[in-house]
Amino acid sequence: MEAERPATRFAPSPSGRLHVGHVLAAVEARRLADELGGVCRLRIEDIDGQRCRPEYAALLLDDLAWLGLSFDGEVSVQSARMDVYRQALEKLKAMGVLYPCFCTRKRIAERLAEMPRAPHGSACDMYPGTCRSMEADERAARLAEGEAHAWRLDCCRVQDMTGELEWLDLNAGPQVCEPSRLGDVILARKDFPVSYHLAVTVDDAEQGITHVTRGADLFESTHVHRVLQALLGLPVPVWKHHGLLCDENGKRLAKRDGARSLESLRSAGMEPGRLLASIEKALAQGGVWKME
Ligand code: GLU
């Protein structure tokens, strides 16, 4: 049998113009694919209809072409795949690992304020578990009334079902999976039927991604994705979480720093080769990016 061809992906969300941080992510994905003699796929992660816009998706393709970065095969577009995510969600519901959450953001904030201060970053800071222990009758009645709800992953139950899992990060080494690190994450939102965690896990499997490259800011999410793979019976890739670019003061470059968007760099006359070289240089110097 032919061995699986290594595959990486670049998966931007078109919620604005591409930014130098995105360029780094694209370069990392392309580079690892080339090193492995594999392919690099492109996926437009546009499930959030409030933040993402088709015109940004078009500009994103234009920015990538301007950079001279190429991707293999068809471009996958998440907004066209809602049915696939819905099926995955139904499968998880049938397994009893999700529960409906009727809390508003305000309610969650109030509950957290009432609770004894949890250590910084603990799962309790993220969702206080209000709806996890709701009586079955109340749950059924509120669902029957059509009350707006999200679906959350019951992390403790999941851990009992999957037992101990591991995953490998090519930079950080082997990791023991701790799905509760982000708390009971939302897998389907009130306003649409899927969240980032579910869509990305389903799509990485669908696109045959063997090596997931992405920013270190998503490291914790990988614990969630690893359990979803176990529950949904999906193949397990390896991950490479790369460092993030920052400015001279060590502040992470963010989308709001408009000066680093490709739009402003291009209109200021930046050449693609120079931009790529400046990112390489930043990588060699601990991630500090300066416009050269
Ligand atoms: N769509 C995400 C972003 O633009 C990246 C998700 C991922 O690489 O898993 O930040």
Side-chain angles (χ1 to χ4, degrees), residues 7-33 39-54 56-61 63-64 67 69 71 75-82 85 88 167-172 175 177 179 181-182 185-187 189 192 194-229 232 234-246 252-257 260-262 279:
T8 65
R9 79 332 188 248
F10 173 50
S13 301
S15 56
R17 282 296 286 261
L18 279 192
H19 175 275
V20 284
H22 287 117
V23 181
L24 168 65
V27 165
E28 290 278 350
R30 182 72 258 175
R31 192 196 335 248
L32 185 62
V39 291
C40 182
R41 312 243 178 247
L42 177 62
R43 180 163 74 232
I44 309 291
E45 301 210 323
D46 60 347
I47 49 171
D48 187 339
Q50 280 173 358
R51 287 175 53 240
C52 299
R53 295 210 227 119
Y56 286 134
L59 288 166
L60 183 158
L61 296 176
D63 281 340
L64 291 174
L67 279 165
L69 287 172
F71 298 89
V75 179
S76 168
V77 179
Q78 287 191 326
S79 56
R81 292 174 43 74
M82 288 298 177
Y85 309 136
W167 55 276
L168 177 66
D169 181 89
L170 293 179
N171 289 333
Q175 306 291 314
C177 186
R181 278 219 205 168
L182 290 181
V185 288
I186 288 182
L187 292 193
R189 294 180 20 175
F192 49 86
V194 66
S195 74
Y196 159 70
H197 297 297
L198 186 58
V200 85
T201 305
V202 168
D203 284 349
D204 281 338
E206 170 83 17
Q207 288 189 290
I209 306 304
T210 57
H211 294 70
V212 174
T213 59
R214 62 176 167 223
D217 52 333
L218 289 168
F219 194 91
E220 303 298 328
S221 297
T222 301
H223 290 276
V224 178
H225 305 175
R226 180 67 189 90
V227 286
L228 291 178
Q229 285 153 0
L232 295 168
L234 301 175
V236 182
V238 296
W239 284 264
K240 188 173 178 194
H241 293 91
H242 56 78
L244 303 169
L245 297 178
C246 56
R252 199 184 134 196
L253 296 189
K255 213 177 267 171
R256 61 183 171 276
D257 302 325
R260 281 92 175 204
S261 79
L262 262 64
I279 287 176

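Atoms within each ligand, like the ligands themselves, are counted from 1 in listed order. Every heavy atom of this structure was used, including side-chain atoms; hydrogens, water molecules and symmetry mates were not.
Salt-bridge annotation for Asp203 and Arg9: absent, with no side-chain N of the basic residue lying under 4.0 Å from a carboxylate O of the acidic one. Ion pair Arg51/Asp46 not flagged as a salt bridge, since none of the NZ, NE, NH1 or NH2 atoms sits closer than 4.0 Å to an Asp/Glu carboxylate oxygen.
How far CG of Leu228 is from NE2 of His197: 8.5 Å, rounded to the nearest 0.5 Å. Atom CG of Leu234 and atom CG of Asp204 lie 9.5 Å apart (nearest 0.5 Å). Once rounded to the nearest 0.5 Å, the distance linking CD of Gln229 with CH2 of Trp167 reads 10.5 Å. Expressed to the nearest 0.5 Å, how far CZ of Arg30 lies from CG of Leu69 amounts to 8.5 Å.
The distance criterion of under 3.5 Å between nitrogen or oxygen atoms is not met by His22 with respect to ligand 1. Among the atoms of Ala11, some N or O lies under 3.5 angstrom from an N or O of ligand 1.
Atom numbering of ligand 1 starts at 1 in the shown order; those under 4.0 Å from a heavy atom of Val200 are 9 (O). Per-residue contacts place Pro12 under 4.0 angstrom from the following atoms of ligand 1 (heavy atoms of the residue considered): 4 (O). Atoms of ligand 1 lying under 4.0 Å from any heavy atom of Glu45, numbered from 1 in the order shown and given with element: 1 (N), 2 (C), 5 (C), 6 (C). Shown in contact with Arg9 at under 4.0 Å from a heavy atom are these atoms of ligand 1, numbered in order with element: 7 (C), 8 (O), 9 (O).
Here Ser13 has heavy atoms under 4.0 Å from ligand 1 in both its backbone and its side chain.
Within the structure, ligand 1 has Tyr196 among the residues with a heavy atom less than 4.0 angstrom away.
Proximity of the aromatic rings of Tyr196 and His225 is defined here by a centroid distance below 6.0 angstrom, and this criterion is met.
Counting only heavy atoms of the protein, atom 10 (O) of ligand 1 lies nearest to Leu218 CD1, 4.6 Å.
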